[in-house]
2 protein chains.
Amino acid sequence: MPRQSDPHAKIKLLTAAEEEFVEHGLDRAKVEDISARAGLSKGAFYLHFASKEDAFKQLVETTLARLAHFVDAIPREEANEVFEDMARSMEFWLAKDLEIFEFIWQNRGLMRLLLEGGSSLRYRHLMDEFAERTRHVIVQSIALGAGRGFYRDDLDSDLASAFIAGAYDRYARQLVQLAKKPDLEGALRKMQTMVVRGVGSDALLAHVRPRAAAVSGDSPVIVPAQPVGPTRALAGGDR
Amino acid sequence: MPRQSDPHAKIKLLTAAEEEFVEHGLDRAKVEDISARAGLSKGAFYLHFASKEDAFKQLVETTLARLAHFVDAIPREEANEVFEDMARSMEFWLAKDLEIFEFIWQNRGLMRLLLEGGSSLRYRHLMDEFAERTRHVIVQSIALGAGRGFYRDDLDSDLASAFIAGAYDRYARQLVQLAKKPDLEGALRKMQTMVVRGVGSDALLAHVRPRAAAVSGDSPVIVPAQPVGPTRALAGGDR
DNA sequence: GCTGTCAGTGACTGGCGGGTCAACTATGGT
DNA sequence: ACCATAGTTGACCCGCCAGTCACTGACAGC
(Lines give C-alpha, C1' and ligand atoms only; values in the text may rest on other atoms or scores of the structure.)
Protein backbone atom coordinates (compact mmCIF):
# COMPACT_ATOMS: atom_id res chain seq x y z
CA MET A 1 0.00 0.00 0.00
CA PRO A 2 2.35 2.68 -1.23
CA ARG A 3 1.79 6.43 -1.21
CA GLN A 4 -1.22 7.99 0.43
CA SER A 5 -3.33 10.50 -1.35
CA ASP A 6 -3.58 13.95 0.16
CA PRO A 7 -6.79 13.65 2.18
CA HIS A 8 -7.37 17.36 1.92
CA ALA A 9 -6.95 17.49 -1.83
CA LYS A 10 -10.61 17.37 -2.71
CA ILE A 11 -11.53 19.92 -0.08
CA LYS A 12 -8.77 22.25 -1.20
CA LEU A 13 -9.95 21.87 -4.77
CA LEU A 14 -13.56 22.55 -3.87
CA THR A 15 -12.59 25.63 -1.91
CA ALA A 16 -10.45 26.92 -4.73
CA ALA A 17 -13.13 26.10 -7.27
CA GLU A 18 -15.72 28.00 -5.30
CA GLU A 19 -13.47 31.03 -5.18
CA GLU A 20 -12.74 30.92 -8.90
CA PHE A 21 -16.38 30.37 -9.80
CA VAL A 22 -17.44 33.24 -7.59
CA GLU A 23 -14.85 35.50 -9.18
CA HIS A 24 -15.29 34.60 -12.81
CA GLY A 25 -18.45 32.59 -13.20
CA LEU A 26 -18.67 28.99 -14.38
CA ASP A 27 -17.81 29.56 -18.01
CA ARG A 28 -14.78 31.75 -17.53
CA ALA A 29 -13.22 30.01 -14.56
CA LYS A 30 -10.23 27.94 -15.72
CA VAL A 31 -9.42 24.51 -14.40
CA GLU A 32 -5.74 25.45 -14.42
CA ASP A 33 -6.42 28.40 -12.15
CA ILE A 34 -8.51 26.32 -9.80
CA SER A 35 -5.83 23.67 -9.40
CA ALA A 36 -3.10 26.28 -9.11
CA ARG A 37 -5.02 28.05 -6.36
CA ALA A 38 -5.36 24.73 -4.56
CA GLY A 39 -1.63 24.19 -4.95
CA LEU A 40 -2.18 21.16 -7.15
CA SER A 41 -1.91 20.26 -10.78
CA LYS A 42 -4.57 20.18 -13.42
CA GLY A 43 -4.39 16.41 -13.44
CA ALA A 44 -5.19 16.27 -9.74
CA PHE A 45 -8.39 18.13 -10.44
CA TYR A 46 -9.53 15.35 -12.75
CA LEU A 47 -8.73 12.74 -10.14
CA HIS A 48 -11.54 14.15 -8.07
CA PHE A 49 -14.00 15.52 -10.62
CA ALA A 50 -15.20 14.22 -13.94
CA SER A 51 -15.25 17.72 -15.39
CA LYS A 52 -15.33 21.36 -14.47
CA GLU A 53 -19.11 21.27 -14.50
CA ASP A 54 -19.10 18.26 -12.22
CA ALA A 55 -17.23 20.24 -9.57
CA PHE A 56 -19.66 23.08 -9.99
CA LYS A 57 -22.62 20.79 -9.62
CA GLN A 58 -21.22 19.23 -6.48
CA LEU A 59 -20.75 22.64 -4.93
CA VAL A 60 -24.18 23.89 -5.83
CA GLU A 61 -26.07 20.73 -5.07
CA THR A 62 -24.62 20.23 -1.62
CA THR A 63 -25.22 23.84 -0.71
CA LEU A 64 -28.77 23.84 -1.95
CA ALA A 65 -29.40 20.51 -0.28
CA ARG A 66 -28.27 21.86 3.06
CA LEU A 67 -30.41 24.90 2.55
CA ALA A 68 -33.39 22.76 1.59
CA HIS A 69 -32.90 20.84 4.81
CA PHE A 70 -33.95 23.87 6.83
CA VAL A 71 -37.02 24.31 4.74
CA ASP A 72 -38.03 20.67 4.75
CA ALA A 73 -38.01 20.63 8.53
CA ILE A 74 -40.77 23.22 8.69
CA PRO A 75 -43.86 21.10 8.00
CA ARG A 76 -43.04 18.70 10.82
CA GLU A 77 -42.42 21.42 13.35
CA GLU A 78 -45.50 23.18 12.26
CA ALA A 79 -47.79 20.41 13.44
CA ASN A 80 -46.98 21.84 16.82
CA GLU A 81 -49.56 23.73 18.79
CA VAL A 82 -47.48 26.89 19.00
CA PHE A 83 -49.28 27.83 15.86
CA GLU A 84 -52.46 28.44 17.71
CA ASP A 85 -50.75 31.44 19.22
CA MET A 86 -50.00 34.24 16.76
CA ALA A 87 -47.21 35.80 18.76
CA ARG A 88 -45.42 32.50 19.19
CA SER A 89 -46.04 31.73 15.57
CA MET A 90 -44.31 34.92 14.53
CA GLU A 91 -41.36 34.04 16.73
CA PHE A 92 -41.18 30.63 15.13
CA TRP A 93 -40.99 32.15 11.69
CA LEU A 94 -38.44 34.65 12.80
CA ALA A 95 -36.26 31.88 14.15
CA LYS A 96 -36.60 30.01 10.86
CA ASP A 97 -35.69 33.10 8.89
CA LEU A 98 -32.70 33.65 11.10
CA GLU A 99 -31.50 30.10 10.61
CA ILE A 100 -31.83 30.39 6.86
CA PHE A 101 -30.18 33.77 6.55
CA GLU A 102 -27.39 32.70 8.86
CA PHE A 103 -26.71 29.91 6.43
CA ILE A 104 -26.83 32.30 3.51
CA TRP A 105 -24.33 34.54 5.23
CA GLN A 106 -21.97 31.67 5.85
CA ASN A 107 -22.18 30.62 2.23
CA ARG A 108 -22.42 34.08 0.78
CA GLY A 109 -19.84 33.51 -1.93
CA LEU A 110 -21.69 30.71 -3.60
CA MET A 111 -25.09 32.19 -2.83
CA ARG A 112 -24.04 35.41 -4.53
CA LEU A 113 -23.07 33.42 -7.58
CA LEU A 114 -26.39 31.60 -7.62
CA LEU A 115 -28.49 34.68 -7.01
CA GLU A 116 -26.66 36.80 -9.53
CA GLY A 117 -26.65 34.05 -12.10
CA GLY A 118 -22.97 33.78 -12.91
CA SER A 119 -23.58 30.12 -13.39
CA SER A 120 -24.55 30.34 -17.03
CA LEU A 121 -28.17 29.97 -17.98
CA ARG A 122 -27.97 26.18 -18.09
CA TYR A 123 -27.85 25.95 -14.32
CA ARG A 124 -30.87 28.00 -13.50
CA HIS A 125 -32.85 24.80 -13.17
CA LEU A 126 -30.99 23.91 -9.98
CA MET A 127 -32.09 27.12 -8.40
CA ASP A 128 -35.55 26.79 -9.91
CA GLU A 129 -35.96 23.29 -8.57
CA PHE A 130 -35.06 24.44 -5.12
CA ALA A 131 -37.43 27.36 -5.42
CA GLU A 132 -40.29 25.16 -6.52
CA ARG A 133 -39.67 22.71 -3.74
CA THR A 134 -39.61 25.50 -1.21
CA ARG A 135 -42.75 26.98 -2.61
CA HIS A 136 -44.51 23.67 -2.15
CA VAL A 137 -43.49 23.42 1.47
CA ILE A 138 -44.59 26.96 2.08
CA VAL A 139 -47.94 26.40 0.48
CA GLN A 140 -48.78 23.47 2.69
CA SER A 141 -47.30 25.11 5.75
CA ILE A 142 -49.13 28.32 5.34
CA ALA A 143 -52.47 26.84 4.49
CA LEU A 144 -52.70 26.41 8.25
CA GLY A 145 -52.01 30.06 8.93
CA ALA A 146 -54.58 31.10 6.37
CA GLY A 147 -57.24 29.03 8.06
CA ARG A 148 -56.33 30.69 11.34
CA GLY A 149 -56.99 34.15 9.98
CA PHE A 150 -53.39 35.25 9.84
CA TYR A 151 -53.74 37.00 6.50
CA ARG A 152 -55.98 39.53 4.83
CA ASP A 153 -58.64 37.90 2.75
CA ASP A 154 -58.42 40.30 -0.17
CA LEU A 155 -54.98 39.19 -1.28
CA ASP A 156 -54.00 38.14 -4.76
CA SER A 157 -51.89 35.13 -3.92
CA ASP A 158 -49.51 35.49 -6.85
CA LEU A 159 -48.78 39.09 -6.08
CA ALA A 160 -48.64 38.59 -2.38
CA SER A 161 -46.07 35.88 -2.85
CA ALA A 162 -44.04 38.12 -5.15
CA PHE A 163 -44.31 40.78 -2.50
CA ILE A 164 -43.12 38.62 0.36
CA ALA A 165 -40.58 36.65 -1.60
CA GLY A 166 -39.26 39.83 -3.14
CA ALA A 167 -38.59 41.43 0.18
CA TYR A 168 -36.64 38.50 1.60
CA ASP A 169 -35.02 37.71 -1.71
CA ARG A 170 -33.76 41.23 -2.02
CA TYR A 171 -32.46 41.22 1.48
CA ALA A 172 -30.59 38.02 0.68
CA ARG A 173 -29.06 39.65 -2.38
CA GLN A 174 -28.02 42.60 -0.29
CA LEU A 175 -26.63 40.39 2.43
CA VAL A 176 -24.30 38.39 0.22
CA GLN A 177 -22.64 41.60 -0.94
CA LEU A 178 -21.76 42.83 2.52
CA ALA A 179 -18.24 42.65 3.90
CA LYS A 180 -19.21 42.70 7.54
CA LYS A 181 -21.94 40.67 9.14
CA PRO A 182 -24.95 42.81 10.01
CA ASP A 183 -27.39 42.35 12.86
CA LEU A 184 -29.40 39.64 11.18
CA GLU A 185 -32.00 39.22 13.86
CA GLY A 186 -32.77 42.92 14.04
CA ALA A 187 -33.02 43.15 10.27
CA LEU A 188 -35.26 40.13 9.91
CA ARG A 189 -37.48 41.35 12.71
CA LYS A 190 -37.98 44.67 10.95
CA MET A 191 -38.54 42.92 7.67
CA GLN A 192 -41.16 40.74 9.27
CA THR A 193 -42.86 43.82 10.62
CA MET A 194 -43.11 45.41 7.19
CA VAL A 195 -44.24 42.22 5.55
CA VAL A 196 -46.90 41.57 8.15
CA ARG A 197 -48.16 45.12 7.80
CA GLY A 198 -48.40 44.49 4.08
CA VAL A 199 -50.32 41.22 4.07
CA GLY A 200 -51.26 40.30 7.62
CA SER A 201 -54.76 40.44 9.00
CA ASP A 202 -55.51 43.07 11.62
CA ALA A 203 -55.37 40.35 14.24
CA LEU A 204 -51.87 39.32 13.26
CA LEU A 205 -50.82 42.90 12.95
CA ALA A 206 -51.60 43.46 16.57
CA HIS A 207 -48.70 41.19 17.42
CA VAL A 208 -46.22 43.33 15.57
CA ARG A 209 -44.53 46.25 17.31
CA PRO A 210 -47.66 46.56 19.39
CA ARG A 211 -48.27 50.30 19.37
CA ALA A 212 -45.89 53.19 19.04
CA ALA A 213 -42.51 52.06 17.89
CA ALA A 214 -39.75 54.04 19.54
CA VAL A 215 -39.90 52.65 23.02
CA SER A 216 -36.43 51.58 23.92
CA GLY A 217 -34.99 48.26 22.86
CA ASP A 218 -34.00 47.61 19.30
CA SER A 219 -33.45 51.09 17.94
CA PRO A 220 -36.12 52.00 15.42
CA VAL A 221 -33.93 54.11 13.25
CA ILE A 222 -35.36 57.33 11.97
CA VAL A 223 -33.61 58.22 8.80
CA PRO A 224 -34.43 61.31 6.81
CA ALA A 225 -31.61 60.54 4.39
CA GLN A 226 -32.66 58.27 1.56
CA PRO A 227 -36.33 58.03 2.32
CA VAL A 228 -38.40 55.49 0.60
CA GLY A 229 -40.92 55.72 -2.17
CA PRO A 230 -42.98 53.47 -4.36
CA THR A 231 -40.48 53.07 -7.08
CA ARG A 232 -37.00 51.75 -7.42
CA ALA A 233 -38.55 48.73 -8.87
CA LEU A 234 -36.29 46.91 -11.19
CA ALA A 235 -33.03 45.29 -11.23
CA GLY A 236 -30.51 45.91 -8.64
CA GLY A 237 -32.65 48.88 -7.99
CA ASP A 238 -31.05 49.48 -4.71
CA ARG A 239 -27.79 49.42 -3.29
CA MET B 1 -21.77 54.27 -56.09
CA PRO B 2 -22.06 50.57 -56.53
CA ARG B 3 -24.12 48.27 -54.44
CA GLN B 4 -26.25 49.53 -51.58
CA SER B 5 -25.95 47.95 -48.21
CA ASP B 6 -29.05 46.31 -46.90
CA PRO B 7 -30.47 49.03 -44.68
CA HIS B 8 -32.08 46.42 -42.48
CA ALA B 9 -28.93 44.38 -42.03
CA LYS B 10 -27.89 45.88 -38.73
CA ILE B 11 -31.39 45.72 -37.31
CA LYS B 12 -31.76 42.12 -38.39
CA LEU B 13 -28.45 41.33 -36.76
CA LEU B 14 -29.37 43.08 -33.54
CA THR B 15 -32.68 41.26 -33.38
CA ALA B 16 -31.02 37.94 -34.03
CA ALA B 17 -28.29 38.71 -31.53
CA GLU B 18 -30.82 39.53 -28.86
CA GLU B 19 -32.59 36.24 -29.45
CA GLU B 20 -29.37 34.24 -29.32
CA PHE B 21 -28.13 36.06 -26.23
CA VAL B 22 -31.44 35.51 -24.50
CA GLU B 23 -31.36 31.82 -25.36
CA HIS B 24 -27.76 31.02 -24.59
CA GLY B 25 -26.23 33.92 -22.68
CA LEU B 26 -23.40 36.10 -23.86
CA ASP B 27 -20.61 33.57 -23.54
CA ARG B 28 -22.28 30.67 -25.27
CA ALA B 29 -24.02 32.53 -28.07
CA LYS B 30 -22.15 31.96 -31.33
CA VAL B 31 -21.57 34.68 -33.89
CA GLU B 32 -22.23 32.14 -36.64
CA ASP B 33 -25.64 31.38 -35.19
CA ILE B 34 -26.49 35.04 -34.86
CA SER B 35 -25.62 35.82 -38.47
CA ALA B 36 -27.34 32.68 -39.69
CA ARG B 37 -30.50 33.63 -37.82
CA ALA B 38 -30.33 37.05 -39.44
CA GLY B 39 -29.93 35.36 -42.82
CA LEU B 40 -26.46 36.79 -43.24
CA SER B 41 -22.90 35.57 -43.06
CA LYS B 42 -20.44 35.81 -40.23
CA GLY B 43 -18.50 38.44 -42.14
CA ALA B 44 -21.55 40.67 -42.35
CA PHE B 45 -21.75 40.65 -38.58
CA TYR B 46 -18.29 42.16 -38.37
CA LEU B 47 -19.21 44.88 -40.83
CA HIS B 48 -21.59 46.23 -38.21
CA PHE B 49 -19.99 45.31 -34.91
CA ALA B 50 -16.42 45.31 -33.73
CA SER B 51 -16.95 42.15 -31.76
CA LYS B 52 -19.58 39.96 -30.22
CA GLU B 53 -19.34 41.91 -27.00
CA ASP B 54 -19.75 45.16 -28.90
CA ALA B 55 -23.14 43.99 -30.18
CA PHE B 56 -24.10 42.95 -26.69
CA LYS B 57 -23.11 46.30 -25.24
CA GLN B 58 -25.09 48.15 -27.89
CA LEU B 59 -28.18 46.14 -27.07
CA VAL B 60 -27.89 46.52 -23.34
CA GLU B 61 -26.84 50.15 -23.32
CA THR B 62 -29.64 51.36 -25.55
CA THR B 63 -32.22 49.42 -23.59
CA LEU B 64 -31.00 50.64 -20.23
CA ALA B 65 -30.73 54.19 -21.58
CA ARG B 66 -34.37 54.11 -22.68
CA LEU B 67 -35.36 52.73 -19.33
CA ALA B 68 -33.33 55.35 -17.51
CA HIS B 69 -35.18 57.97 -19.50
CA PHE B 70 -38.39 57.18 -17.67
CA VAL B 71 -36.68 57.46 -14.35
CA ASP B 72 -34.83 60.66 -15.15
CA ALA B 73 -38.07 62.39 -16.02
CA ILE B 74 -39.39 61.94 -12.50
CA PRO B 75 -37.59 64.76 -10.64
CA ARG B 76 -38.88 67.40 -13.07
CA GLU B 77 -42.47 66.21 -12.93
CA GLU B 78 -42.29 65.97 -9.22
CA ALA B 79 -41.84 69.70 -8.76
CA ASN B 80 -45.52 69.72 -9.55
CA GLU B 81 -48.08 70.54 -6.92
CA VAL B 82 -49.91 67.23 -7.31
CA PHE B 83 -47.56 66.07 -4.61
CA GLU B 84 -49.39 68.08 -2.02
CA ASP B 85 -52.26 65.67 -2.48
CA MET B 86 -51.59 62.15 -1.30
CA ALA B 87 -54.20 60.49 -3.46
CA ARG B 88 -52.96 62.19 -6.61
CA SER B 89 -49.43 61.43 -5.60
CA MET B 90 -50.20 57.75 -5.41
CA GLU B 91 -51.76 57.91 -8.84
CA PHE B 92 -48.66 59.60 -10.18
CA TRP B 93 -46.45 56.85 -8.86
CA LEU B 94 -48.77 54.22 -10.18
CA ALA B 95 -48.62 55.77 -13.64
CA LYS B 96 -44.84 55.85 -13.47
CA ASP B 97 -44.67 52.23 -12.39
CA LEU B 98 -47.01 51.30 -15.18
CA GLU B 99 -44.87 53.08 -17.75
CA ILE B 100 -41.76 51.34 -16.52
CA PHE B 101 -43.29 47.90 -16.32
CA GLU B 102 -44.86 48.32 -19.73
CA PHE B 103 -41.38 48.92 -21.06
CA ILE B 104 -40.06 45.91 -19.22
CA TRP B 105 -42.77 43.79 -20.72
CA GLN B 106 -41.97 44.98 -24.22
CA ASN B 107 -38.30 44.23 -23.72
CA ARG B 108 -38.79 41.15 -21.61
CA GLY B 109 -36.28 39.05 -23.50
CA LEU B 110 -33.34 41.26 -22.81
CA MET B 111 -34.61 42.24 -19.39
CA ARG B 112 -34.82 38.59 -18.45
CA LEU B 113 -31.21 38.17 -19.50
CA LEU B 114 -30.12 41.17 -17.46
CA LEU B 115 -32.10 40.24 -14.39
CA GLU B 116 -31.08 36.61 -14.43
CA GLY B 117 -27.48 37.44 -15.14
CA GLY B 118 -26.83 35.42 -18.27
CA SER B 119 -24.56 38.22 -19.35
CA SER B 120 -21.50 36.88 -17.58
CA LEU B 121 -20.35 38.54 -14.43
CA ARG B 122 -18.33 41.16 -16.30
CA TYR B 123 -21.48 43.01 -17.33
CA ARG B 124 -23.06 43.38 -13.96
CA HIS B 125 -21.66 46.88 -13.79
CA LEU B 126 -24.04 48.06 -16.50
CA MET B 127 -26.97 46.97 -14.42
CA ASP B 128 -25.36 48.26 -11.25
CA GLU B 129 -24.75 51.67 -12.77
CA PHE B 130 -28.36 51.89 -13.78
CA ALA B 131 -29.47 50.78 -10.35
CA GLU B 132 -27.29 53.34 -8.62
CA ARG B 133 -28.55 56.08 -10.89
CA THR B 134 -32.13 55.10 -10.21
CA ARG B 135 -31.49 54.99 -6.52
CA HIS B 136 -30.15 58.51 -6.63
CA VAL B 137 -33.19 59.82 -8.43
CA ILE B 138 -35.49 58.10 -5.99
CA VAL B 139 -33.66 59.44 -3.01
CA GLN B 140 -34.04 63.02 -4.09
CA SER B 141 -37.59 62.47 -5.32
CA ILE B 142 -38.85 60.91 -2.18
CA ALA B 143 -37.18 63.28 0.22
CA LEU B 144 -40.20 65.40 -0.61
CA GLY B 145 -42.66 62.71 0.34
CA ALA B 146 -40.90 62.05 3.60
CA GLY B 147 -41.19 65.67 4.58
CA ARG B 148 -44.88 65.48 3.83
CA GLY B 149 -45.43 62.64 6.24
CA PHE B 150 -46.00 59.93 3.66
CA TYR B 151 -44.00 57.30 5.51
CA ARG B 152 -43.77 55.82 8.95
CA ASP B 153 -41.05 57.42 10.99
CA ASP B 154 -39.78 54.21 12.54
CA LEU B 155 -38.37 52.81 9.32
CA ASP B 156 -34.87 51.57 8.80
CA SER B 157 -34.15 53.08 5.42
CA ASP B 158 -31.86 50.31 4.21
CA LEU B 159 -34.36 47.64 5.02
CA ALA B 160 -37.31 49.63 3.81
CA SER B 161 -35.60 50.11 0.46
CA ALA B 162 -34.84 46.41 0.26
CA PHE B 163 -38.45 45.78 1.08
CA ILE B 164 -39.86 48.05 -1.59
CA ALA B 165 -37.30 47.39 -4.27
CA GLY B 166 -37.58 43.69 -3.58
CA ALA B 167 -41.29 43.61 -4.16
CA TYR B 168 -41.13 45.41 -7.50
CA ASP B 169 -37.94 43.69 -8.51
CA ARG B 170 -39.48 40.33 -7.91
CA TYR B 171 -42.55 41.26 -9.84
CA ALA B 172 -40.32 42.31 -12.73
CA ARG B 173 -38.56 38.96 -12.62
CA GLN B 174 -41.89 37.20 -12.63
CA LEU B 175 -43.20 39.36 -15.44
CA VAL B 176 -40.37 38.67 -17.86
CA GLN B 177 -41.07 34.95 -17.59
CA LEU B 178 -44.71 35.15 -18.56
CA ALA B 179 -45.94 34.13 -21.98
CA LYS B 180 -49.08 36.22 -21.93
CA LYS B 181 -49.33 39.82 -20.88
CA PRO B 182 -51.03 40.15 -17.52
CA ASP B 183 -53.16 43.02 -16.25
CA LEU B 184 -50.26 45.26 -15.37
CA GLU B 185 -52.26 48.08 -13.92
CA GLY B 186 -54.24 45.84 -11.64
CA ALA B 187 -51.12 44.09 -10.47
CA LEU B 188 -49.19 47.28 -9.82
CA ARG B 189 -52.12 48.75 -7.98
CA LYS B 190 -52.26 45.77 -5.66
CA MET B 191 -48.53 45.86 -5.21
CA GLN B 192 -48.73 49.50 -4.30
CA THR B 193 -51.38 48.71 -1.75
CA MET B 194 -49.22 46.11 -0.04
CA VAL B 195 -46.14 48.28 -0.11
CA VAL B 196 -47.96 51.27 1.31
CA ARG B 197 -49.40 49.12 4.05
CA GLY B 198 -45.87 48.04 4.82
CA VAL B 199 -44.14 51.40 5.02
CA GLY B 200 -46.70 54.17 4.59
CA SER B 201 -47.85 56.43 7.36
CA ASP B 202 -51.41 56.06 8.59
CA ALA B 203 -52.29 59.18 6.65
CA LEU B 204 -51.05 57.72 3.39
CA LEU B 205 -52.62 54.40 4.19
CA ALA B 206 -56.02 56.03 4.26
CA HIS B 207 -55.69 56.63 0.53
CA VAL B 208 -55.26 52.98 -0.23
CA ARG B 209 -58.28 50.76 -0.76
CA PRO B 210 -60.21 53.02 1.61
CA ARG B 211 -62.04 50.48 3.75
CA ALA B 212 -63.25 47.01 3.06
CA ALA B 213 -61.85 45.59 -0.12
CA ALA B 214 -64.44 43.64 -2.04
CA VAL B 215 -66.62 46.43 -3.32
CA SER B 216 -66.95 45.91 -7.01
CA GLY B 217 -64.35 47.10 -9.48
CA ASP B 218 -60.98 45.50 -9.68
CA SER B 219 -61.66 42.05 -8.33
CA PRO B 220 -59.86 41.55 -5.06
CA VAL B 221 -59.20 37.91 -5.59
CA ILE B 222 -59.69 35.61 -2.66
CA VAL B 223 -57.53 32.62 -3.15
CA PRO B 224 -57.48 29.76 -0.73
CA ALA B 225 -55.11 27.88 -2.98
CA GLN B 226 -51.48 28.68 -2.30
CA PRO B 227 -52.03 31.03 0.57
CA VAL B 228 -49.31 33.31 1.62
CA GLY B 229 -47.12 33.30 4.62
CA PRO B 230 -44.08 35.02 5.96
CA THR B 231 -41.67 32.84 4.17
CA ARG B 232 -40.44 32.15 0.63
CA ALA B 233 -37.43 34.38 0.86
CA LEU B 234 -34.53 33.53 -1.31
CA ALA B 235 -34.08 33.00 -4.89
CA GLY B 236 -37.09 32.07 -6.78
CA GLY B 237 -38.02 30.30 -3.67
CA ASP B 238 -38.80 32.90 -1.27
CA ARG B 239 -38.20 32.20 2.11
C1' DG C 1 -21.90 46.45 -71.93
C1' DC C 2 -18.19 47.70 -69.36
C1' DT C 3 -16.01 49.11 -65.21
C1' DG C 4 -15.05 50.51 -60.47
C1' DT C 5 -16.63 50.12 -56.01
C1' DC C 6 -17.99 48.12 -52.04
C1' DA C 7 -21.56 45.08 -49.33
C1' DG C 8 -21.36 40.62 -48.41
C1' DT C 9 -19.15 35.77 -48.18
C1' DG C 10 -17.22 31.75 -45.91
C1' DA C 11 -12.87 29.03 -45.73
C1' DC C 12 -9.28 29.69 -42.87
C1' DT C 13 -6.27 30.95 -38.80
C1' DG C 14 -4.96 31.29 -34.12
C1' DG C 15 -5.32 30.59 -29.55
C1' DC C 16 -7.59 29.29 -25.73
C1' DG C 17 -8.63 26.02 -22.56
C1' DG C 18 -10.96 21.42 -21.36
C1' DG C 19 -9.58 16.97 -20.91
C1' DT C 20 -5.89 12.90 -21.38
C1' DC C 21 -2.09 9.94 -20.33
C1' DA C 22 2.77 8.37 -20.36
C1' DA C 23 6.13 9.35 -17.26
C1' DC C 24 7.52 10.31 -12.70
C1' DT C 25 7.66 10.05 -7.71
C1' DA C 26 6.66 8.87 -2.96
C1' DT C 27 5.70 5.23 0.04
C1' DG C 28 5.20 0.64 2.22
C1' DG C 29 6.31 -4.10 2.08
C1' DT C 30 9.72 -7.65 1.75
C1' DA D 1 17.93 -2.16 -1.43
C1' DC D 2 14.67 -3.15 -4.36
C1' DC D 3 10.19 -3.69 -6.06
C1' DA D 4 5.23 -3.03 -6.55
C1' DT D 5 1.64 0.01 -6.32
C1' DA D 6 -0.81 3.98 -6.54
C1' DG D 7 -0.90 9.20 -6.32
C1' DT D 8 0.60 13.15 -9.00
C1' DT D 9 2.26 15.74 -12.77
C1' DG D 10 2.21 18.80 -16.89
C1' DA D 11 3.16 18.50 -21.82
C1' DC D 12 0.23 17.51 -25.29
C1' DC D 13 -3.90 16.89 -28.08
C1' DC D 14 -7.87 18.55 -30.10
C1' DG D 15 -12.33 20.76 -30.72
C1' DC D 16 -14.35 25.02 -30.76
C1' DC D 17 -15.23 29.49 -32.09
C1' DA D 18 -13.97 34.63 -32.42
C1' DG D 19 -12.19 37.20 -35.70
C1' DT D 20 -9.79 37.86 -40.66
C1' DC D 21 -9.38 38.61 -45.51
C1' DA D 22 -9.05 37.34 -50.41
C1' DC D 23 -12.62 36.79 -53.20
C1' DT D 24 -17.48 37.26 -55.36
C1' DG D 25 -20.98 39.59 -57.57
C1' DA D 26 -24.63 43.24 -57.35
C1' DC D 27 -25.31 47.67 -58.67
C1' DA D 28 -24.53 52.67 -60.36
C1' DG D 29 -22.64 55.45 -63.56
C1' DC D 30 -21.08 56.02 -68.01
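Chain A is the first sequence line, chain B the second, and so forth, proteins listed ahead of strands; every chain is numbered from 1. On a predicted model such as this, the values are computed, not experimentally measured, just so you know.
- In this structure, B:Gln192 and B:Tyr168 have side chains that are in contact, with non-hydrogen atoms separated by less than 4.5 Å.
- A:Glu53 meets the side-chain hydrogen bond (donor to acceptor under 3.5 Å, both in side chains) test with A:Arg122, A:Tyr123; sequence neighbours excluded.
- Distance A:Leu47 CG to D:dT5 P: 19 Å, rounded to the nearest Å.
- As rounded to whole Å, 14 Å separates atom P of D:dT8 from atom NZ of A:Lys10.
- Distance B:Lys12 NZ to C:dA7 C1': 12 Å, rounded to the nearest Å.
- Residues from residues 13-30 of chain B with heavy atoms under 4.0 angstrom of DNA chain D, sorted by number: B:Ala29, B:Lys30.
- Looking at B:Asp72 and B:Arg133, their side chains come closer than 4.5 Å, going by heavy atoms from C-beta outward.
- Rounded to whole Å, atom P of D:dA18 lies 15 Å from atom CZ of B:Phe49.
- When each of B:Ala44 and B:Glu32 is assigned the nucleotide of DNA chain C with its nearest heavy atom, B:Ala44 is the one assigned upstream, toward the 5' end.
- Distances were taken from every side-chain heavy atom of B:Val31 (C-beta onward) to each of C:dG10, C:dG18, D:dA18; the shortest belongs to D:dA18.
- Remark: P of D:dT8 and NE2 of A:His8 are 12 Å apart, rounded to the nearest angstrom.
- Between the side chain of B:Lys52 and the base of D:dG19, no donor-acceptor pair under 3.5 Å is found.
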